[in-house]
> 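One structure coming up, written as structure tokens, with questions to follow.
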Protein chains: 2
Amino acid sequence: MAEPLRIALAGLGTVGTGVIRLIETNCDMIAARSGRPIKIVAVSARERNRDRGVDLSSYAWVDDMQAMAGRSDVDVVVELVGGSDGPALTLARAALDAGKGFVTANKAMVAHHGLELAELAAIKAAPFAFEAAVAGGIPVVKGLREGTAANALNRIYGILNGTCNYVLSEMERTGADFDEMLVAAQDKGYAEADPAFDIEGVDAAHKLAILAAIGFGTRIDFEAVRTEGITHVRASDIAQADALGYVVRLVGMASLDDDGEESRLLQRVRPCLVPFRHPLAAVTGPTNAVVAEGDFSGRLLFQGAGAGDKPTASAVVADLIEIARGQCGAPFSVPVTALRQCAPADPGQREGSDYIRFTVADKPGVLAEITAAMRDAGVSIESLIQRGRDRDGGAVQVAMVTHEGPERCVTKALALLEGSENLAAPPLVMPILKD
Amino acid sequence: MAEPLRIALAGLGTVGTGVIRLIETNCDMIAARSGRPIKIVAVSARERNRDRGVDLSSYAWVDDMQAMAGRSDVDVVVELVGGSDGPALTLARAALDAGKGFVTANKAMVAHHGLELAELAAIKAAPFAFEAAVAGGIPVVKGLREGTAANALNRIYGILNGTCNYVLSEMERTGADFDEMLVAAQDKGYAEADPAFDIEGVDAAHKLAILAAIGFGTRIDFEAVRTEGITHVRASDIAQADALGYVVRLVGMASLDDDGEESRLLQRVRPCLVPFRHPLAAVTGPTNAVVAEGDFSGRLLFQGAGAGDKPTASAVVADLIEIARGQCGAPFSVPVTALRQCAPADPGQREGSDYIRFTVADKPGVLAEITAAMRDAGVSIESLIQRGRDRDGGAVQVAMVTHEGPERCVTKALALLEGSENLAAPPLVMPILKD
């Protein structure tokens with residue numbers, strides 16, 4: 001059998017130790033599939049003496065992880081430290097610059113610096129792979145890069161954050177409000193002590209930017225992702241959606257809109273109303289799911305565990321096997337020089353239906369003001385329901401679903417209503433996912 | 001850009017013309033992803049002058065498709081003729097023997113002769129790929145071969161036949177019986193005029209044998225697939241399952257059972273009861289879906305269109321892109337010499353719950369006889385429902401769900417009841433899919 005692929009592992013948290021366990025547990029099978037053994041030669045982490053439940057004695061300990069990039073006994077550096085910049089980025093640059101392969105689960109770094117790293121990898125002809133950066137154990141980077149390679153994709157969308165999906169589907173199951181279910185998620189280990197990155201949609205936005213770049217062959221543009229989290233979704237919204245035949249999910253959605261002269265990229269993370277019959281409606285708990293719609297393949301769904309030490313380790317080692325086979329392709333599906341620069345699309349041009357919830361004072365004339373604003377902005381109302389006083393006291397909830405129309409009209413209607421004394425809280429708009 | 005990959009296409013039915021349309025429509029994108037153009041140079045079919053809606057004038061017409069294997073201007077032969085043996089197999093052998101790449105959508109041929117062809121491909125160092133042979137446009141061959149490559153898989157199962165899934169989910173939706181929905185499927189083009197291969201489970205068995213070989217790294221063994229179709233499933237079974245919290249789906253299931261000394265492979269295609277909450281329960285119509293359970297990845301689901309000209313073309317061209325990139329790996333995930341020979345597992349050892357439906361004479365003592373047979377065979381009954389006379393006249397339906405236990409006990413109970421005058425029809429056993 002050929003020479004082993006020699007790995008240096010930076011970061012020994014749950015994912016790092018998961019990778020060690022996986023490589024030890026399945027070493028024979030991995031060697032058979034790789035055509036050669038995959039061998040960890042060096043490891044590095046902040047604390048050397050912490051008990052991690054794995055035996056590190058057969059690996060060289062490296063105090064300064066940056067030194068890994070310079071080791072002549074290392075073929076691939078695996079970075080599981082995290083953080084979009086700082087030591088992780090320094091290590092990525094150093095490893096690729098030294099011509100070594102670089103594998104990472106770091107979605108923030110790939111979202112912010114993926115293009116630069118792919119350029120460096122191309123110059124050095126060094127493998128650069130990040131299956132684990134998107135949707136944990138689901139092989140969706142490979143799915144988009146290779147599985148749908150023959151297709152022009154129309155849309156890529158999905159449930160990209162397990163914390164949000166757990167909270168929303170538990171709100172749905174129990175009828176409880178957001179705050180209560182967030183605490184439940186923290187208790188179960190599905191949410192961090194500081195959950196902001198997850199519940200504000202930033203984590204999903206990182207993943208969406210990566211998927212869009214791969215699926216559309218565009219230069220990654222995380223800054224252009226319009227992101228909205230789930231903190232404003234109320235139990236009453238979920239009940240209302242249910243009555244209308246929908247569930248609420250945080251959906252990351254990317255589409256390439258052709259405005260005649262050039263293609264523009266729309267990237268958004270938002271809570272959406274998903275029809276009961278849509279496969280994403282059945283995705284509950286911390287599961288992730290990605291849909292890719294190809295012009296020939298039709299709608300493809302990839303679903304599985306979006307996080308966790310073992311699924312993430314599965315994705316990291318899949319990348320290593322590919323590198324060991326010598327089959328690691330362009331990180332973003334086409335050579336980095338062929339990636340297109342797409343300007344962000346104007347979301348106002350999106351044609352669709354929206355759910356809009358107003359929290360209003362319970363007095364005469366409120367509905368008249370809202371419906372007049374809709375009329376003046378050209379928004380056509382399909383259904384409207386006014387519910388009794390909510391638990392906050394005097395305010396009343398008015399929910400409506402619009403007929404399909406350009407999003408800019410809804411934006412205009414809300415602008416007309418801005419500052420109205422009748423509104424007790426900012427309205428919440430959730431698009432209805434088109435089947 | 002590098003030299004084009006030159007293709008000869010045998011078979012110009014709906015899939016063949018779909019491949020031509022796809023390569024013409026997305027040629028620039030395919031070239032960008034392949035690193036070189038993919039160019040059709042020759043085509044062959046039985047009738048030359050049929051109007052297929054595509055312009056064939058720029059391709060060489062080959063009267064005898066076997067001649068394609070000998071052409072010096074061809075790198076890869078794509079076979080879309082069909083049939084497990086005959087001309088398709090002759091062409092496969094000739095193409096690989098000539099050192100050409102060989103791509104096929106022919107599940108019957110791969111199920112029967114995939115091992116022989118993989119051996120020949122290995123000897124000749126010729127690419128051999130068949131993504132389109134399983135589940136149409138879903139990249140599940142790649143998903144199992146590469147996406148889950150780091151995992152030991154526990155089970156591979158799924159909905160592998162769109163005709164059966166359409167019929168079963170329409171029976172569920174409408175309450176109609178099998179025969180009526182089969183005609184509806186034929187009207188919609190989801191079932192062939194002669195539907196035997198589909199409804200008897202043979203088509204699903206072909207795909208299951210291929211997935212099992214890839215996922216478990218075993219020598220493909222189609223003969224060992226125990227296959228049962230959906231022709232005996234009645235509307236009343238589906239209603240009964242619904243009342244118990246299940247839907248009925250034709251499930252292909254493969255698992256590697258360790259009996260201490262050696263691994264044995266269980267491969268089965270059977271109608272099963274699928275819990276409402278399981279993702280396969282949400283798969284309706286002609287859609288396919290495959291679940292792979294890895295020891296690290298956990299449960300992964302791949303879902304999409306299981307047939308049709310465009311999805312199948314998407315899979316064929318994905319294989320061609322991979323070959324153009326020079327990244328085509330071992331067809332069954334490990335080198336053919338490393339594939340294990342696994343004896344078939346004894347299905348009697350399966351531990352699980354079953355749904356059993358008896359059609360019995362409506363007279364005293366029937367239930368006593370059935371329950372006594374269950375007791376004597378060691379089958380524990382969880383629930384039992386006797387329904388009124390069915391439409392056939394005097395017969396009555398008795399449905400039960402067993403507690404979890406070895407399948408051999410159920411088999412024994414049915415053997416004890418064989419020949420009983422109280423049974424008006426052979427019993428139907430459907431296993432309950434474990435979540």
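Here is how names work: the chains are called A, B, and so on, in the same order as the sequence lines, proteins then strands, and each is numbered from 1.
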> As an exercise: rank Ser333(B), Gly217(B), Ala338(B) by heavy-atom pairs under 4.5 Å with chain A and give me the winner.
Ser333(B)
> Output the option from Met29(A), Arg277(A), Glu131(A) having the highest count of non-hydrogen pairs under 4.5 Å with chain B.
Met29(A)
> Say whether, by atom type as modelled, one donor and one acceptor occur between the side chain of Arg249(B) and the main chain of Val274(B) under 3.5 angstrom.
no
> May I ask you to say whether Arg173(B) pairs ionically with Glu170(B), meaning some side-chain N is under 4.0 Å from a carboxylate O?
yes
> Please look at Asp295(A) and chain B and tell me whether the side chain, the backbone, both or neither of the residue comes under 4.5 angstrom of a heavy atom of that chain.
both
> Enumerate donor-acceptor pairs with a distance under 3.5 Å from any side-chain N or O in residues 301-308 of chain A to protein atoms, sequence neighbours excluded.
none

> With a 4.5 angstrom heavy-atom cut-off, is it the side chain or the backbone of Ser34(B) that approaches chain A, or both, or neither?
neither
> Please assess Val290(B) against Ile156(B) for the test side-chain contact (heavy atoms from CB on, under 4.5 Å), listing each intermediate value before the final yes or no.
CA-CA 7 Å; Val290(B) 177; Ile156(B) 302 165; 4.2 Å; yes
> With the threshold set at 4.0 Å, does a side-chain nitrogen-carboxylate oxygen contact exist between Glu262(B) and Arg340(B)?
no
> Establish, yes or no, whether a centroid distance under 6.0 Å links the rings of Phe130(A) and Phe332(A).
yes
> Would you say Thr163(B)'s side chain and Tyr190(B)'s backbone share a donor-acceptor pair under 3.5 angstrom?
yes
> When only pairs under 4.5 Å are counted, which of Gly298(B), Ala315(B), Pro335(B), Gly329(B) shares the most heavy-atom pairs with chain A?
Gly329(B)
> Quick one: which of Ser314(B), Gly136(B), Ala330(B) has the most heavy-atom pairs under 4.5 Å with chain A, could you say?
Ser314(B)
> Keeping the roles fixed (side chain from Lys207(B), backbone from Leu160(B)), state whether a donor-acceptor pair exists under 3.5 Å.
yes
> Output yes when a side-chain donor or acceptor of Arg36(B) lies under 3.5 Å from a complementary backbone atom of Ala324(B), and no otherwise.
yes
> Who in residues 13-22 of chain A is close to chain B, using a strict under-4.5 Å heavy-atom cut-off?
Gly18(A), Arg21(A), Leu22(A)
> Between Thr284(A) and chain B, which part of the residue has a heavy atom less than 4.5 Å away: side chain, backbone, both or neither?
neither
> Mind running side-chain contact (heavy atoms from CB on, under 4.5 Å) on Asp242(B) and Phe276(B) for me, showing each step along the way?
CA-CA 9 Å; Asp242(B) 180 75; Phe276(B) 287 162; 3.4 Å; yes
> What residue, out of Leu320(A), Val283(A), Val317(A), Asn26(A), has the most heavy-atom pairs lying under 4.5 Å from chain B?
Asn26(A)
> Taking only heavy atoms into account, what residues of residues 143-155 of chain B are found under 4.5 Å from chain A?
Arg145(B), Glu146(B), Gly147(B), Thr148(B), Ala149(B), Ala150(B), Asn151(B), Ala152(B)
> Mind checking side-chain contact (heavy atoms from CB on, under 4.5 Å) for Arg299(B) and listing every partner two or more places apart, or none if nothing turns up?
Tyr157(B), His278(B), Pro279(B), Val291(B), Glu293(B), Asp435(B)
> Any side-chain to backbone donor/acceptor pair from Asp319(B) onto Val103(B)? Under 3.5 Å, distance only.
no
> Applying side chain to side chain donor-acceptor pair (under 3.5 Å) between Glu322(A) and each of Lys142(A), Arg33(A), Gln327(A), report the one that passes.
Lys142(A)
